[in-house]
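Down below is the structure, laid out as C-alpha cells.
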Amino acid sequence: MQIDFTAIEKKWQREWEEKGVFEADPDGKPKFFITIPYPYLNGNLHAGHTRTLTIGDAIARYMRMKGYNVLFPMGFHVTGTPIIGLAELIQKRDERTIEVYTKYHDVPKDVLLELTTPEKIVEYFSNEALKALKGIGYSIDWRRVFTTTDEEYQKFIEWQYWKLKEKNLIVKGSHPVRYCPNDQNPVEDHDLLMGENATIVEFTVIKFYFEDGETNKIIFPCATLRPETVFGVTNIWLKPTKYVLAKVNDETWFVSREAYEKLTYTDKEVKLVGEVDARDFFGKFVVNPLTNDKIPILPAEFVDTDNATGVVMSVPAHAPYDYVAIEDLKGDEEYLKKFGLDKSLVENLKPIVLIEIENEKHTIPAKEIVEELNIQSQKDVEGLEKATKALYKKEFHKGILLDITGEYAGVKVSQIKDRLTRDLIEKGIGDVFYEFSEKPVVCRCGTKCVVKLVKDQWFLNYSNPKWKGKVLEHLKNMQIVPDYYKEEFRNKIEWLKDKACARRKGLGTKIPWDKEWLIESLSDSTIYMAYYILAKYINSGLLKAENITQKLLDYVFFGVGDANGVARSSGLDKEVMEEIRKDFEYWYPVDLRSSGKDLVANHLLFFLFHHIAIFPENLWPKAIAVNGYVSLEGKKMSKSKGPLLTMKRAVEEHGADVTRLYILYAAEYDNDADWRRRDVEGLANNLRRFYSLGLEYYKKEPKSLTKLDKWLISRFQRAVKNTREAMDNIQTRRAVNTAFFEVMTDVRWYLRRGGENLSVIFDDWLKLLAPFAPHICEELWHLKHDTFVSLESYPKFDESKIDVEAEAIEEYLRTLLEDIKEILKFVEEPKEVYISPAEEWKQEIIGIVLRSDNMKEAMKEIMSREEFKKMGKEISAFVKKAFKDKKDGLLLDSGINEVKVIEENIRFLERELGVKVSLNSEKVPESKRKSAMPGKPAIFVV
RNA sequence: GCGGGGGUUGCCGAGCUAGGAAAAGGCGCAGGGCUUAAGACCCUGUCCCGUAGGGGUCCGCGGGUUCAAAUCCCGCCCCCCGCACCA
C-alpha cells in the first residue's frame with residue numbers, strides 16, 4: 001500500500017502548531033520541565049542530535065499523556081570559535097570545507113558560498129535547524145526559542161557571571177595551551193596536521209647550579225618527570241653540542257636552543273645571552289641544590305635537546321638510560337679521552353637507590369632490568385624505552401621512598417610528585433616546564449606548535465572544595481540514567497579542575513568586569529534553562545534587553561528586592577515582572593536533562609556546578625539521562641569530515657515517524673545506535689502494516705467479546721504495563737519493542753486465530769504508540785475522534801483485564817500446533833491426527849508450587865521424585881512460569897480444560913495443519929498415552 | 001596508567017541486580033502462500049543430528065559452587081569510551 005507519510009506528518013505538524021498544543025504555561029497540573037542541550041550550529045542537525053532529541057521528545061510526550069504539564073523548550077548555541085572558523089574557511093573557499101558542507105550537510109553550493117560571516121552562518125543554520133526540528137514533529141514550545149548571541153541572552157549571562165564573581169568562584173590564574181606561533185593562536189584538535197593525541201605534560205625543573213668562582217651562578221635546569229629521583233643523582237647529562245645561555249627572570253640558565261625558544265612562550269622574562277658549547281663543560285661540577293652534592297657534567301648521546309630543557313639529571317639506580325650511559329662511558333676510553341675526561345670520574349659513580357618496592361629485596365633496579373632485558377648500549381632505544389616504562393610503572397605504583405630522601409621517607413612514589421615540586425618551587429630551586437607528550441605537533445599551517453602559558457586568565461574555580469562538596473552531595477539525591485553513570489559523574493566531579501572561562505576570540509558575551517575577554521562557550525551554557533522562562537516574554541515583545549537589569553533578574557529568579565522598586569528601575573511593567581516570577585517559580589527546577597554521553601565530562605558537570613552555585617537548593621536539577629552516539633552503516637559520523645546524515649534528510653527519505661521509531665529502537669541508554677538503511681526500510685514496512693491494520697479494523701464496531709478477544713486484551717494489558725515501566729526508566733528501545741513489535745506479534749496471532757474485534761485495543765494502542773510515532777497515531781486517531789491523541793491520557797495497566805485462562809489456552813494451542821507440526825514432518829501423507837490429553841502431574845506440581853516459598857525449594861521436592869526427574873527441563877520451565885504467575889497473583893489452581901479447548905478449536909487446528917484432527921484417546925496407542933503430560937497431550941498420526 | 005562500560009545464536013541486540021525450556025524482539029537469508037507480475041502482506045524454517053513431538057552442543061577463555069549457570073564465585077584474554085579548556 002502506498003502511504004504518503006510526508007503529507008500525513010505535515011498535516012499534523014500544522015495542526016499542532018496552529019492549535020498551540022505544545023505551548024505550556026503554568027496551570028493546576030503537576031509540571032515536568034525537560035530540557036535537551038541546545039545544539040551548536042556550525043552545521044546542520046544530524047542523526048546524533050536526532051537521537052538525543054527524539055528520546056527527549058518521547059519522554060516529553062509520554063509525561064504529557066501521563067497528566068503532567070510538560071515544558072519542552074529549545075534554543076540554539078552559537079557562541080565560541082568554530083562558527084568563526086567556518087566563516088573564514090568559506091571565505092577562503094577552502095575545498096575540503098566546501099565538499100563536506102555540500103556533500104554531507106546538504107547545503108546547496110551557491111548558498112554555502114554566501115555564508116562568509118558568522119552572522120550569516122548563524123542565520124542560515126538556525127533557520128535550517130528550526131525547519132528540521134519542526135519537520136520531525138517534536139513537541140517543543142517554540143515561543144521560547146532563542147540564540148546565544150541575542151542581546152537579551154547576553155544580559156542574562158552577565159548577571160550569571162556577576163553572581164559567580166560575588167561568590168568568589170571566579171579567580172585569576174595561568175594555564176598552558178597548545179599554541180601556533182605562526183597563527184599566534186591556541187590550536188584545537190581539528191586545527192592539527194599532526195599530533196592530535198599529544199597531551200601537555202608537566203616536567204619538574206630542578207635548578208642544579210655551577211659556580212665559576214667570581215662569575216655568576218649558572219643554572220643547569222634539569223627537567224624530569226620523576227623529581228623524587230633528585231636524591232639519587234650522580235651526575236648530569238648534556239648532549240655534546242651547542243647550547244645557549246639565557247637570562248631567565250634574574251637567573252642565567254644553561255639550556256638547549258629549542259628549550260630557549262619554548263621558554264619565550266612561558267610567563268618568564270627571557271633574554272638570549274649567547275651560545276655556548278656543552279663540550280666546554282664536561283668534567284666540571286655542578287651542585288645538587290637539594291643535597292648539596294657536587295656532581296660531574298658528562299656527555300650522553302641519548303639526550304634530546306628538543307625535549308624540555310635539554311639538560312638531564314642522571315639517576316643510574318632508577319633510570320635504565322642513565323645506568324647504561326654510565327656503563328657505556330666506563331667502557332669507552334676513547335670517548336672519554338675525546339672530551340678530556342678522566343676515567344676515575346666515571347668509575348666513582350655509584351648508583352644511589354632511593355626507592356624500595358614492598359616485599360622485595362634491595363637491589364639496583366635499573367641495573368637489574370637492563371641485565372634482564374640484555375641491553376648492551378644506549379643505542380638500544382627500543383629496549384631502554386621498554387625498561388624505563390616497566391620500571392617506572394612498577395615504582396610508581398608500588399614504590400616507597402627510602403630514608404635517604406629525608407623528610408619524604410616513607411611516602412609513596414605515586415604521592416610525591418606534586419608535593420615535592422611545590423616544595424622545590426617554594427625553596428626557589430624548582431620550576432615547571434610544559435612539553436608535549438609526543439612530537440611533533442604541527443598546525444594546519446605547517447608550523448610546529450609550542451606550549452604557551454596564558455597569563456592572567458579568568459578561571460571558574462571548580463576545584464574549590466566547598467563547591468565540589470556540595471555538588472557531590474547533591475549528586476547523591478539525583479536520579480541518573482542509566483544508574484551506573486552516577487559513579488561516572490562522581491569520579492568526574494572529583495577530577496574536575498579549575499577551568500579557564502575566558503577567551504580572546506569567538507562569539508559570545510564579554511566578561512562584564514573585564515571586557516577584554518569573552519566568556520568561553522561551554523561556560524555560557526550552564527543555567528540557561530532558566531532563560532527559557534524569560535524567552536517567552538522576550539519573543540512576545542513584553543520584555544526588552546534594557547529591562548533585563550541585575551535587580552530584575554534577582555527578583556525574577558530569587559524573589560529578592562522590592563517589587564515596585566525593581567519594576568521602576570528596570571522599566572518593566574510590574575504585572576509582567578510578577579508573571580515572569582510566577583512562571584519561574586512554577587517551572588523550576590529542571591526535572592530532567594537528557595543528553596548525549598559526550599557531554600558528561602564537561603557540560604553536564606558545569607550544569608550541575610553552576611546551578612548549585614547560583615540557585616537555592618530547591619531549584620537544583622532533579623535528574624540527568626545519558627544516551628549514546630549514532631553511527632552510519634557501522635561508521636562513525638563526523639561533522640567535519642563525514643560521513644553524516646542530517647535530520648532533515650533522514651526525515652525526507654524515510655518520514656518522521658519511521659526516523660523516530662528507528663532511532664528510539666536502535667539502541668538503549670549509552671549504547672551506540674547504528675543507522676542502517678535496510679533496517680530503516682524494514683521498519684517502514686512495519687509501520688505501513690500498522691497503518692493499514694488501522695484503516696482496516698479501527699472503525700469496525702466490536703461485537704461481543706470472545707475468549708480470544710479477552711486474550712488479546714489481556715496480552716495488551718501486559719504490554720501497557722511493560723511499556724510504562726520502560727518509559728519510566730527512559731528505556732525507549734524496550735518501550736518500542738513492547739508497544740509496537742510485541743503487540744504486533746500478538747495481533748498477528750489474533751488475526752490468524754480468526755479474531756474480528758481488533759478495534760477493542762486500537763484506541764489504547766494508538767495512545768500507547770503516540771509518544772514514538774505521533775503523526776501516524778494522530779492520523780488514525782482522527783478516524784474516530786476530534787481530539788488530539790497527543791493530549792489523551794496514557795493507557796493504564798488494568799489488572800482486572802488480565803485473563804490467565806485465555807492466555808493459557810492460547811499458549812496451549814500454540815505449543816500443540818508446534819508439536820503436531822513437528823511430528824507431521826516425519827509422516828508421509830498423513831491422514832488424521834488423534835489427540836489424547838493427560839492431566840495427572842500438572843495438578844500435583846501446581847500444588848507443590850502453591851505451598852512452596854520459592855522455586856528452589858519446590859524444585860528440590862519435585863526433583864526428588866524419579867518420574868519427574870527424567871522430565872527435568874520441561875518441569876523446570878513449567879515451574880518457573882508457575883512461580884511467575886504466583887508472584888503476579890495469577891496462578892490458576894486448576895489447569896485449563898484441555899478437552900474442551902481442543903474441541904472448540906479443532907477447525908482452527910485443521911485449517912492450520914491441512915489434515916483432519918480428532919480428539920480420540922482410543923486411537924492413540926498406550927505407549928504414547930503414557931508419555932502424555934498436562935499441556936502436552938499424546939498425539940498420534942496415521 | 002586511572003576511571004566507566006562491554007564481549008550472547010549470520011548481524012543488531014534482550015536476558016544477566018532476584019540461577020530454572022537453543023535463549024525475547026528486529027534485521028538478513030531460505031522455502032511456501034497470496035498476486036497477471038513485482039512489492040507489500042501472511043505462514044514456516046534458519047547451531048548440529050534425527051522417517052514421532054526427541055537427542056546433542058552452545059552464551060570471550062579456563063576453573064569452581066549447585067539437582068540446575070549466559071546468569072553466582074575465582075583466574076585469564078580481548079574490545080569500546082573519557083582523561084579537558086573543545087563544541
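Just so it is clear: chains get the letters A, B, ... in the order the sequence lines come, proteins before strands, and each one is counted from 1. Nothing here was measured: the structure is a model prediction, and the numbers come from that model.
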Take the protein atom [atom1] of [X] and the nucleotide atom [atom2] of [N], then report the distance between them rounded to whole Å.
X	N	atom1	atom2	value
A:L496	B:rA84	CG	C1'	9 Å
A:L41	B:rC86	CG	P	20 Å
A:E202	B:rA84	CD	P	13 Å

- prompt: Is any N or O donor-acceptor pair between the side chain of A:E822 and the base of B:rG50 shorter than 3.5 Å?
  reply: yes
B:rA87 base / A:D598 side chain donor-acceptor hit below 3.5 Å: no
Considering only side-chain heavy atoms of [X], which listed nucleotide, [options], is closest?
X	options	answer
A:F826	B:rG50, B:rG4, B:rA87	B:rG50
A:A938	B:rG53, B:rG3, B:rG25	B:rG53
A:Y665	B:rA84, B:rG5, B:rG26	B:rG26
A:K492	B:rG4, B:rC11, B:rG82	B:rG82
A:D670	B:rC12, B:rC85, B:rG5	B:rG5
A:R676	B:rG13, B:rC86, B:rC11	B:rC11

message: Under 4.0 Å, heavy atoms only, any strand: does A:D498 hit a base, just the sugar-phosphate, or nothing?
response: base
- request: Determine the contact category for A:R733: base if any of its heavy atoms lies under 4.0 Å from a base atom, sugar-phosphate if only primed atoms, P, OP1 or OP2 are that close, otherwise nothing.
  value: base
According to a strict under-4.0 Å criterion, is [X] in side-chain N/O contact with OP1 or OP2 of [N]?
X	N	answer
A:R689	B:rA40	no
A:N686	B:rC27	yes
A:T81	B:rA87	yes

Under-3.5 Å N/O pairs linking protein and nucleotides 28-33 of chain B:
{"from": "B:rG28", "atom 1": "O3'", "to": "A:R678", "atom 2": "NH2", "distance (Å)": "3.2"}
{"from": "B:rC29", "atom 1": "OP1", "to": "A:R678", "atom 2": "NH2", "distance (Å)": "3.2"}

- prompt: Which residues pass the salt bridge (charged side-chain N to carboxylate O under 4.0 Å, His left out) test with A:R715, sequence neighbours left out?
  reply: A:D746
message: I'd like to know whether A:N722 forms a side chain to side chain donor-acceptor pair (under 3.5 Å) with A:R734, so could you lay out the CA-CA distance, the side-chain angles of the two residues, the decisive distance to 0.1 Å, and finally the verdict.
response: CA-CA 8 Å; A:N722 206 306; A:R734 181 179 156 204; 3.0 Å; yes
field: Under 3.5 Å on both distances, the Watson-Crick or G-U partner of B:rG54
entry: B:rC49
task: State which residues pass ring-ring contact (aromatic ring centres under 6.0 Å, His included) with A:F772; sequence neighbours excluded, sorted by chain then number.
output: none
